[in-house]
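In what follows, a single structure is set out as structure tokens and then discussed.
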Amino acid sequence: MSFAKKIIEWYHDHQRDLPWRNTRDAYKIWLSEIILQQTRVEQGMPYYLRFVDRYADVLAFANASEDDILHLWQGLGYYSRGRNMHKAAGIVRDMYQGEFPKSYVELIKLPGVGEYTAAAISSFSNDEQQAVLDGNVFRVLSRYFGVETAINTPAGKKIFTQLAKDNLDRDYPALYNQAIMDFGALHCKPKSPLCGECELQLDCFAYTHGMVADLPVKIKAKKSRNRYFHYFIIQKDDEILMSKRGASDVWENLYEFPMIETSEALEGLEITAHPEFVALFGPEVTISLLQRNKKHVLSHQNIYATFYSVLSSRDLEQKKVNWNYVLLKDLDKLAKHKLIFSFLETAKL
DNA sequence: AACGCGGGGAT
DNA sequence: ATCCCAGCGTT
């Protein structure tokens, strides 16, 4: 029996019932695929349900504002996905008359849709013969066929792309793609895979050679850097000063409190001697510490955030173009990153 | 070819 | 602590 048939056989007995598998609507499949990029099914599920409920079709999605999309995306991470989705929806509205494309060659042109996502949507919505290659597929193929080339190198990508294509079930591309990903997620897991009860055991290179724990090979990421953020809570009557983050850094276009970044950790109220602080607030300022060195871990950096309460007599709204006073009761409506919304949950302003 | 980009769960 | 998740875009 072919590799594909064995995978599909496993799938018949073990598949998950997921909402985006019960539709051929390319819009809904697109929604699920973008949400699930680098995101576990359990984590993405509530977001998927919220999005299909709020935006029933791509036109509703396109006609929302980017702020609205990011607000619904809040807490899911990798926010460029939300921004790119909004751009893509606008393209589908303006260039495709609101009809979501279903072919690989059209899908891959959309922002946020790469090779994996184009293969997934075109096979699931239109039975195109496109093999998906995601983290699950890399792992299953490397173990079963014994490929030791690192998966996160161009050479590895080339080998695995070919291997994925060669093993695609040409008669049932959608079924096979779903099957191999579920097999990787539920059975051929990164840690403690279920080899003991695996029907593919005797044909699996890694199992027969005692290399299951060694595959796939992956080049390790470099170490995270440390950053120190100082956030200022500035209230005026029933309003609070908020700032919208710019490009070329984390959390692009999300809202937060006005802040200063320093290259080293600071003690107590040392921030008041910082040139940037003096330029913003001047000498006539009252400041107090609210929360110190809250650690926030991203995949590529460690952020240490300190929160201060600030009373200033200056007109601070004009200090920066991205600064604006927001009614406290409207704070919930802004798209914020986790550091900010989790501070607000405990702060009770 | 390498890097930047979140947040959370499993081990 | 470390790994990795239905990856993509930029440099």
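Only this structure's heavy atoms are used, side chains among them; waters, hydrogens and symmetry mates stay out. By convention in this document, chain letters (A, B, ...) are assigned in the order of the sequence lines, proteins followed by strands, and residues within each chain are numbered from 1.
The phosphate of dG7(B) (OP1 or OP2) has a side-chain N or O of Tyr79(A) nearer than 4.0 angstrom. Regarding contacts with the backbone of dG7(C), a side-chain N or O of Gln38(A) is found under 4.0 angstrom from either OP1 or OP2. Taking only side-chain nitrogens and oxygens, Lys189(A) never comes nearer than 4.0 Å to OP1 or OP2 of dA10(B). The phosphate of dC5(C) has OP1 or OP2 within less than 4.0 Å of a side-chain N or O from Arg139(A). Regarding contacts with the backbone of dG7(B), every side-chain N or O of Thr39(A) stays at 4.0 angstrom or more from both OP1 and OP2. For His337(A), no side-chain nitrogen or oxygen approaches OP1 or OP2 of dG6(B) to under 4.0 Å.
When the nucleotides dC5(B), dT11(B), dG6(B) are ranked by their closest atom to the side chain of Lys191(A), dT11(B) comes out on top. Here the side chain of Lys222(A) is nearest to one of dA6(C), dC3(B), dG8(B), namely dC3(B). For Lys338(A), counting side-chain heavy atoms from C-beta on, the closest listed nucleotide (dG8(B), dA6(C), dG6(B)) is dG8(B). Closest approach to the Leu298(A) side chain among dC3(B), dG6(B), dA6(C) is made by dG6(B) (side chain taken as heavy atoms from C-beta onward).
If you check distances only, the side chain of Arg40(A) never reaches the base of dA10(B) with a donor-acceptor pair under 3.5 Å. With hydrogens and angles ignored, no donor-acceptor pair under 3.5 angstrom links the side chain of Gln43(A) to the base of dG8(B). Side-chain N/O atoms of Ser299(A) and base N/O atoms of dG6(B) include a donor-acceptor pair closer than 3.5 Å.
The main-chain N or O of Asp238(A) is never found under 3.5 Å from a side-chain atom of Lys329(A) such that the two would form a donor-acceptor pair.
Within 6.0 Å of OH in Tyr172(A) there are 12 or fewer heavy atoms belonging to other residues, nucleotides or ligands.
Rounding to whole angstrom units, CZ of residue Phe183(A) and P of dA6(C) are separated by 14 Å.
With no hydrogens or angles considered, no side-chain donor-acceptor pair links Glu252(A) and Ser80(A) at under 3.5 Å.
A salt bridge is absent between Lys6(A) and Glu199(A); no separation between the charged side-chain nitrogens and carboxylate oxygens falls under 4.0 Å.
A search for side-chain contact (heavy atoms from CB on, under 4.5 Å) contacts involving Leu186(A) returns Trp10(A), Arg16(A), Asp182(A), not counting sequence neighbours.
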